[in-house]
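Pasting a structure here, questions to come.
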Amino acid sequence: MIDFINFHLIPGLVLGSIYALGAIGVTLTFGILRFANFAHGEIMTLGAYLTLTMMWLTGWHPLILLPVTMVILSLIVIGMDQAFFKPFRNSPAVTVVIASFGLMLMIRSVTQFSWGAQLQAFVPGIQRPNVFFDALRISPKHILIVISAMVLMLVVHWVLAHTRIGKAMRAMSDSPELARLTGINTELVIKATWILGACMAAAAGVFLAYDSHVSTMMGFQILLPTFAAAIVGGIGRPYGAMAGGLLIGVTEELSSYAWLGDGPLLEPGYKAGVSFAIMIGVLIWRPSGLFRGRVF
Amino acid sequence: MAILELENIHGGYGQTEILHDISMRVEPGEIVVIIGPNGAGKSTAMKSVFGLLNLTSGRILLDDVDITNTPPEKVVRQGVCYVPQTGNIFPNLSVHENLEMGAYVRQDDFSGRLDEIYELFPPLVEKRNLPAGTLSGGQRQMVAMGKALMLDPKILLLDEPSAGLSPKYRGEIFKVVRDINEAGTPILMVEQNAKQALGIADRAYILVDGKNRLDDTGKNLLANKEVAEMFLGGGKTEVKKPAVRKARGTPKT
Amino acid sequence: MDQLYGYSLYGLSLLTFGGIYAMLALGLNIQLGFTGLFNAGIAGFFVVGAYVSAILSTAPSERHIGGFDWPIPFSLVAAMVVSALIGWAVARICMRLRADYLAIATLGIAEILRLIFKNETDLTNGARGVSYIPKPYESLAQPWNHVMMTVVVLAIVAVLYFMLERARKSPWGRVMAAIRENEDSARAAGKNVDRLRVQAFVVGSAMMGLGGGMMAHHLKFIDPNAADPTTATFLVFVMLIVGGSGNNKGAIVGALLMWTIWSATEIFTSMLPGDLAIRSAYIRVFLIGLMLQIMLQKFPQGLFPEKRLETGSSG
Ligand SMILES: Nc1ncnc2c1ncn2[C@@H]1O[C@H](COP(=O)(O)OP(=O)(O)OP(=O)(O)O)[C@@H](O)[C@H]1O
Ligand SMILES: [Mg+2]
């Protein structure tokens, strides 16, 4: 039982928090710009590498550098939007998605060129977990990741529910035409969307790197579960994305627990397939997502 | 001097022309009604004010200033508010947030105006924290109108505010339209309930096939034989296509 | 003279790889270009075709299931059939999804297929891959073995091209075009839109499977890395967009052209010294991405714009 918690549930929550943060960006882009951004994984990767570089320069802790990363990444992403997405504002979704393929390849090659393709780590060596009640082993970084992710999700909630721009984002997600007729500056809302998405992507990338390692494919590797989280939560719905992320992360980790007999229920090599299976199930049976009711 | 004036508008959504030489105007303090059969171009005429069309010729004047092809977000800032026929609320925002969005372009404190709107539409008070999309049709229309009124507009454009409502709500909406007008806001309104609408109209335009057919005072048009045949008698009844709200984010079926 | 010979062989290699990619691009064209179906899982159909044809045609081996020593033409047909079946299943499930959902779902399917080929070691020899795959005419003397391989590939591409052109101009193709122009009115006209879409998806998937099979025979080796989306999916998108989505000739020219650029830049970067060579290899991917952006922004029609057929009166 305690193994279940130590080796499956807690890693699942950590992974789930990371997916949730990534999925917030995906779902916001989908709700407001109306396309699935395949470059989002690469944006997360870029966040991790920016932090890694600043760690080399300053020697500071990655979580202290995270706000700086968020600012830089937001600026970069807004630049990308202007150069690579703005020309497609009135194009069909297919065109924009293909454009995002192009951007994905470009960001990835720039990270590979700048930082090399080999794995790197924020913190070399293995951290000792803290032991609670003699058996519960939680490593400090896991505690930090989950708590920071929760705080960030509260921030997202606060922005969307209580700020003028956040409400305008939701309004535009509901109906872009009515938003314009209401006098909302849609380009400003789009910028805000990218900023919020980029900040959460930075956090997702940094947490993922902090939990394991930094690599140029890390973002693309979690793109599918991130999309799955967004779809499971009802695409366009940030709260759904948060719940979907946690659900997918925990399920992925629990799938390799020895539920029946001794061996893992599902070979760990297929872990990545779990999110996909859930996503397909949702697309077939509940295409508007698992959670009914309010979008925000 | 007219508040709003459409001068010989030609245009449509793409290449096909839908409005063929439409002209109309709204004077201060007036209620002006547009009636016409389905597909006549009534909604299209309203959208032309918001730069949502591809106009090939003609001008649109607001207080004698040319606003032809001005994008919607700028037209709103000049005090023209519009309640579209469909999709006129943000369904996932609460009633209160919808009203706040109505005041989006206001920089000042609008809490007083919010109170006035709730006074104008008392049923909204207890629904203020519910998502607007969960309200009944009549109450949704109230949200839409309340949202448009948040700016205290120079002129209010209403596209079929009573469509699909029960007679009770329809009466209420017409009463509110009169109240708003009496408080000083000129109104340009598309309506299918020709009799009721002409009853409160100072003047009315009849549009058929994207062209001006008739215009006169509401009273005269009510008495007009052609109008009676077309809209008041057995001719056109309340067969309206249901308001289709755009489904987004869900796979198409 | 030697140099000229070397260049010729290189030219043959470009034509062979480019031709195999043309099969993928034609497959994508029938899905995306003709029908508007957004398949971002080309790599999946490609790798299935490659493994099926490889395992059926190799000599029996300890390392993986089979081989079955089938003649290559038969194993290629089997590759197409299996890819088509998977395409059919995918289409049945996902056909009604809107475009970007379909892209996500197909990307996921490709990933699952890659995982299967990687993890089912008993069947596929896992990450070590399948080797000793036979190649058509490999017993001929240099350079005729290369020449014949190129001829085989180009002949297949030519056959596909003529078949697709006929299909495009047939009543079937006209209905497909009508569906893409205006789905609702096609439905209203009594067309079974979903079934036609499934057909297009299945045909496209079969062609991708064929491309995969040819690649396996050409390389004589296949491993799960062949399902790398960069080279097996996104590169194909670039080819089709550059050539002109909706145009079969464009798909072929785009594939040959982009493969030449892709390959030639590799020669260039590999001449750079040491570390720089490795790094500048990444620049190639950057250029591919940039190319896609430039084409979409400035020349969305591609080199060969789609030739619109009259769709009005056709049946
Ligand atoms: N967004 C659009 N794009 C293209 N054509 C449109 C669009 N909206 C309306 N039309 C076409 O323009 C014409 C006029 O439509 P409009 O909505 O203005 O009619 P209406 O008089 O408001 O009718 P109703 O009584 O049904 O509201 C119709 O032929 C319609 O098909
Ligand atoms: Mg209308």
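Below, read A as the first sequence line, B as the second, and so on, with proteins coming before strands; counting in each chain starts at 1.
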TODO: Nearest 0.5 Å please: distance from the CD atom of C/Gln297 over to the CZ atom of A/Phe88.
DONE: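 Result: 4.5 Å between the selected atoms.
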- [ ] Would you mind telling me which of A/Thr216, A/Ile98, A/Val110 has the largest number of heavy-atom pairs within less than 4.5 Å of chain C?
- [x]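 Winner by heavy-atom pair count: A/Ile98.
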- [ ] Under 4.5 Å, counting heavy-atom pairs only, tell me which of C/Ile112, C/Ile283, C/Ile241, C/Ile288 racks up the most with chain A.
- [x]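 Most heavy-atom pairs under 4.5 Å with chain A: C/Ile112.
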Task: Interchain contact, A/Ile284 with chain C, by part (heavy-atom threshold 4.5 Å) - done: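 For A/Ile284, the contact with chain C is made by the side chain alone.
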Open item on the list: Report which part of C/Pro229 has an atom under 4.5 Å of a heavy atom belonging to chain A: side chain, backbone, both, or neither.
Closed with: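 The side chain, not the backbone.
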Open item on the list: Out of A/Leu105, A/Thr95, A/Val97, return the one with the most heavy atom pairs under 4.5 angstrom to chain C.
Closed with: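 It is A/Leu105.
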TODO: Measure the CG-CD distance between A/Leu223 and C/Glu111 for me, rounded to the nearest 0.5 Å.
DONE: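 A/Leu223 atom CG to C/Glu111 atom CD measures 10.5 Å (nearest 0.5 Å).
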Open item on the list: Can you confirm whether C/Arg180 is buried at CZ, in the sense that more than 12 heavy atoms of other residues, nucleotides or ligands lie under 6.0 Å from that atom?
Closed with: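 Above 12, so yes.
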Open item on the list: As an exercise, state the distance from CE of A/Met106 to CG of C/Leu292, rounded to the nearest 0.5 Å.
Closed with: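 So the CE of A/Met106 and the CG of C/Leu292 are separated by 9.5 Å.
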Task: Which portion of C/Leu32 sits near chain A, non-hydrogen atoms under 4.5 angstrom - done: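 Answer is side chain: those atoms of C/Leu32 sit under 4.5 Å from chain A.
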Open item on the list: Is a donor from one side chain sitting under 3.5 angstrom from an acceptor on the other, for C/Arg284 and A/Ser109?
Closed with: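 No, because no side-chain N or O of C/Arg284 sits under 3.5 Å from a partner of the opposite role on A/Ser109.
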Open item on the list: Do A/Phe101 and C/Val238 have side chains that approach each other closer than 4.5 Å (heavy atoms only, starting at C-beta)?
Closed with: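 Counting from C-beta outward, A/Phe101 and C/Val238 never come under 4.5 Å.
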- [ ] Check whether any side-chain heavy atom of A/Phe30 lies under 4.5 Å from a side-chain heavy atom of C/Asp100, and answer yes or no.
- [x]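 A/Phe30 reaches C/Asp100 side chain to side chain.
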Task: Within 6.0 Å of CZ in A/Arg89, more than 12 heavy atoms from elsewhere - done: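 Enclosed.
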Open item on the list: Is the shortest side-chain heavy-atom distance between C/Thr230 and A/Arg108 below 4.5 Å?
Closed with: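 With C-beta onward as the side chain, the pair touches.
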Open item on the list: Does A/Leu283 form a side chain to side chain contact (heavy atoms under 4.5 Å, CB included) with C/Ile93? I'd like the steps, not just the answer.
Closed with: CA-CA 9 Å; A/Leu283 281 178; C/Ile93 297 173; over 6 Å; no
Open item on the list: Is any side-chain heavy atom of A/Met279 closer than 4.5 Å to one of C/Ile104?
Closed with: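 Side-chain contact under 4.5 Å: yes.
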Task: Inter-residue atom distance A/Ile231.CD1 - C/Leu97.CG, 0.5 Å rounding - done: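 Atom-to-atom, A/Ile231:CD1 and C/Leu97:CG are 8.5 Å apart.
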Open item on the list: If you compare all heavy atoms of C/Ala99 against all heavy atoms of A/Val94, which two are closest, and at what distance to 0.1 Å?
Closed with: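 Smallest interatomic distance, heavy atoms only, reads CB-CG2, 3.5 Å.
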Open item on the list: Take a 6.0 Å sphere around CH2 of A/Trp285 and say whether it holds more than 12 heavy atoms from other residues, nucleotides or ligands.
Closed with: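 No, because the 6.0 Å sphere around CH2 of A/Trp285 holds 12 heavy atoms or fewer from other groups.
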TODO: Pick one of side chain, backbone, both or neither for A/Phe35, based on which atoms fall under 4.5 Å of a heavy atom in chain C.
DONE: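 Contact with chain C: backbone and side chain both.
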Open item on the list: What part of A/Ala83 gets within 4.5 angstrom of chain C, counting heavy atoms only: side chain, backbone, both, or neither?
Closed with: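 Backbone only.
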- [ ] Heavy atoms only: give me the nearest C/Cys94-A/Ile280 pair and the separation to one decimal.
- [x]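 For C/Cys94 versus A/Ile280, the nearest heavy atoms are SG-CD1, 4.4 Å.
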Task: Closest contact, heavy atoms only, A/Ala93 versus C/Arg98 - done: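 Where A/Ala93 meets C/Arg98 most closely, the heavy atoms are CB-NH2, 3.7 Å.
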Task: Toward chain C, the part of A/Thr111 with a non-hydrogen atom under 4.5 Å - done: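 A/Thr111 has no heavy atom closer than 4.5 Å to chain C.
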Task: Shortest non-hydrogen separation from A/Ala117 to C/Tyr282 and the atoms involved - done: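 It is CB-OH, 3.2 Å.
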TODO: Name the region of A/Phe227, side chain, backbone, both or neither, that has any atom closer than 4.5 Å to a heavy atom of chain C.
DONE: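 A/Phe227 touches chain C through side-chain heavy atoms alone.
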